[in-house]
Amino acid sequence: MVVATHKVSSMSAAAAARKRGKSASGAGVVAGPTKRRRKADSAREKGKSKRGGKMNEEISSDSESESLAPKRTEEEEEEELEETAQEKKLRLAKLYLEQLRQQEEEKAEAQAFEEDQVAGRLKEDVLEQRGRLQKSVAKEILAPDPADIRVLRGHQLSITCVVITPDDSAIFSAAKDCTIIKWSVESGRKLHVIPRVKKGAEGQPPGHGSHILCMAISSDGKYLASGDRSKLILIWEAQSCQHLYTFTGHRDAVSGLAFRRGTHQLYSTSHDRSVKVWNVAENSYVETLFGHQDAVAALDALSRECCVTAGGRDGTVRVWKIPEESQLVFYGHQGSIDSIQLINEEHMVSGADDGSVALWGLSKKRPLALQREAHGLRGEPGLEQPFWVSSVAALLNTDLVATGSHSSCVRLWQCGEGFRRLDPLCDIPLVGFINSLKFSSSGDFLVAGVGQEHRLGRWWRIKEARNSVCIIPLRRAPGPPTASS
């Protein structure tokens, strides 16, 4: 029993010893990492203190909070890099969408601009067809410098009529010397001369043997027509000035010619009081219309199948509706109406020897506007008489009108809104009888036929005048500066 007890006690002592050994060894295991951790912490604190010292020296006290912030791990940095790439993609996608949106807006603006242009052009075409188009041009015209006027001399006697080719490249002039001259607008040189035909001489080329009073050119520039006091209408090829046909039928001097725009239908009028219709392409006569009570002085036409005439001493302006064979009669001037010009399909301007200029609308039989003494008065005090208005011209479908007399100037006018007013713009000095005026199609220049005598007679003679064709440049005021983008 004693021995057994001793064994048990020894075993318990050994177990206790083993327990103490384990605890001692475990304590040794824990103590090692603890020392290493302390060393690392102390090193980190030293590094932080060093870095903190540098940052305090270089930046500011705000860096203290940054220095105390926990250091980012590699995983956090990688996660931030991945987010930045996504944000970049998103930014690029937004930028691309913004560019697409801007391009679409620009396309829409361009399309809207084109549609506005097309709509504006269609509106102009509709207004032109209805005869109500009135482009505002007159306010832009500057007074021409007399030094810029080009004078073309070649006729021996007074110029009676001028026409301009549709492309504005050439001018045809005719005179009392029975000749026709084709001029180059650019160089001012003679391109061709159709000489006078002497009566009784044989073997002569075709031409006029008496005063040429009127001319007209077709809208395609193919045919030129000229009429003289010998009751003849001669048709020429405008390009080569080769004679094609001769129309006879009038019983007195041919005083007015006009082609219907877009066709080769020719209207003519005469001192025999009639209006005749011809088909130049087919070299044929169509019909004759009567109505005036005195010699007809002038005629004009546009694209409608009608023409307008100035009735001279019968004091009327007439609109001839060819298909209906009817006419509208207008009254307003008190003297002989010697010139007339259509402004558009519904409005026209006329001049008379009582010194007045009238604007007409086809819907009213009285003038919409009447400017008396348009070129002033002449003569001794108490015996003043107005200067005759010998020629008128209008820039098609605009508000610009020109009138001529022997008052030593050509006068430009602006038609008011609705053609109910006529306001003077400026005077262009030209000495002599202004027997013919024509605007170029582009409106860049005005051509005046100047003579020492009136187109239809020899009532006065201005000796200091030169028989010439004058090209008057029309300069326009520059538009307002466009805003820079």
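Heavy-atom basis, side chains included; hydrogens, waters and symmetry copies ignored.
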Apply side chain to side chain donor-acceptor pair (under 3.5 Å) to the pair H264 and D220, showing each step before the final yes or no.
CA-CA 9 Å; H264 295 144; D220 60 359; 2.7 Å; yes

[X] side chain near [Y] side chain, heavy-atom distance below 4.5 Å:
| X | Y | value |
| --- | --- | --- |
| H454 | W388 | yes |
| C307 | D300 | no |
| I343 | L359 | yes |
| V275 | L299 | yes |
| V280 | F259 | yes |
| H406 | F387 | yes |
| V410 | L446 | yes |
| W360 | S350 | yes |

If we ignore angles and hydrogens, is there a donor and acceptor under 3.5 Å between the side chains of [X] and [Y]?
| X | Y | result |
| --- | --- | --- |
| W278 | S284 | no |
| N435 | T160 | no |
| Q334 | S356 | no |
| S336 | H333 | no |
| H250 | D272 | yes |
| K135 | T398 | no |
| H208 | S230 | no |
| S468 | R466 | no |

[X] [atom1]: over 12 foreign heavy atoms closer than 6.0 Å:
| X | atom1 | answer |
| --- | --- | --- |
| Q99 | CD | yes |
| E384 | CD | yes |
| E380 | CD | no |

Can you list every pair that meets salt bridge (Lys or Arg N to Asp or Glu O under 4.0 Å) and has a residue in residues 169-190, with sequence neighbours left out?
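Every salt bridge (Lys or Arg N to Asp or Glu O under 4.0 Å) pair that includes a residue of residues 169-190, provided the two are not neighbours, is K176-E453.
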
Look at the side chain of [X] and the backbone N and O of [Y], then say whether any donor-acceptor pair between them is shorter than 3.5 Å.
| X | Y | answer |
| --- | --- | --- |
| R318 | G311 | no |
| S270 | S274 | no |
| N344 | L396 | no |
| S219 | G262 | yes |
| E140 | A138 | no |
| D427 | C409 | no |
| S391 | I434 | yes |
| R260 | L302 | no |
| E464 | Q452 | no |
| D228 | I233 | no |

Go through the steps for C415 and V401 under the test side chain to side chain contact (heavy atoms under 4.5 Å, CB included), then give the verdict.
CA-CA 7 Å; C415 301; V401 167; 3.6 Å; yes

Distance from [X] atom [atom1] to [Y] atom [atom2], nearest 0.5 Å?
| X | Y | atom1 | atom2 | result |
| --- | --- | --- | --- | --- |
| S158 | R461 | OG | CZ | 7.0 Å |
| Y245 | N283 | OH | CG | 5.0 Å |
| T403 | L437 | OG1 | CG | 7.5 Å |
| T309 | Y267 | OG1 | OH | 12.5 Å |
| I149 | I471 | CD1 | CD1 | 11.0 Å |
| K276 | F290 | NZ | CZ | 5.5 Å |

For [Y], is there an ion pair with [X] - N to carboxylate O distance below 4.0 angstrom?
| X | Y | answer |
| --- | --- | --- |
| R101 | E98 | yes |
| R304 | E346 | yes |
| E87 | R91 | no |
| R421 | D399 | no |

Please confirm whether the ring centroid of H292 lies under 6.0 Å from the ring centroid of W320.
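Between H292 and W320, the centre distance is under 6.0 Å.
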
Considering residues at least two apart in sequence or located in another chain, which fulfil the side chain to side chain contact (heavy atoms under 4.5 Å, CB included) criterion with R196?
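Side chain to side chain contact (heavy atoms under 4.5 Å, CB included) list for R196, sorted by chain: C178, T179.
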
Minimum heavy-atom distance [X]-[Y], with the two atoms named:
| X | Y | answer |
| --- | --- | --- |
| L213 | R455 | O-NH1, 3.0 Å |
| P206 | I194 | O-CG2, 4.1 Å |
| G432 | A465 | CA-CB, 3.5 Å |
| S210 | R229 | OG-N, 3.4 Å |
| V151 | C470 | CG2-SG, 4.2 Å |
| R378 | P386 | NE-O, 4.0 Å |

Given S407 and H375, is the side chain to side chain donor-acceptor pair (under 3.5 Å) satisfied, shown in steps?
CA-CA 6 Å; S407 60; H375 282 260; 3.0 Å; yes

Could you go through the salt bridge (charged side-chain N to carboxylate O under 4.0 Å, His left out) check for R313 and D338 one step at a time?
CA-CA 9 Å; R313 288 290 169 190; D338 296 333; over 6 Å; no

Let me see the working for F172 and V162 under side chain to side chain contact (heavy atoms under 4.5 Å, CB included), right down to the final yes or no.
CA-CA 6 Å; F172 289 92; V162 294; over 6 Å; no

Evaluate the criterion side chain to side chain contact (heavy atoms under 4.5 Å, CB included) for residue pair L328 and V317; output intermediate values, then yes/no.
CA-CA 8 Å; L328 301 176; V317 168; over 6 Å; no

After noting the C-alpha distance and the side-chain angles of L224 and V163, does the key distance pass the side chain to side chain contact (heavy atoms under 4.5 Å, CB included) rule?
CA-CA 9 Å; L224 173 73; V163 293; 4.0 Å; yes

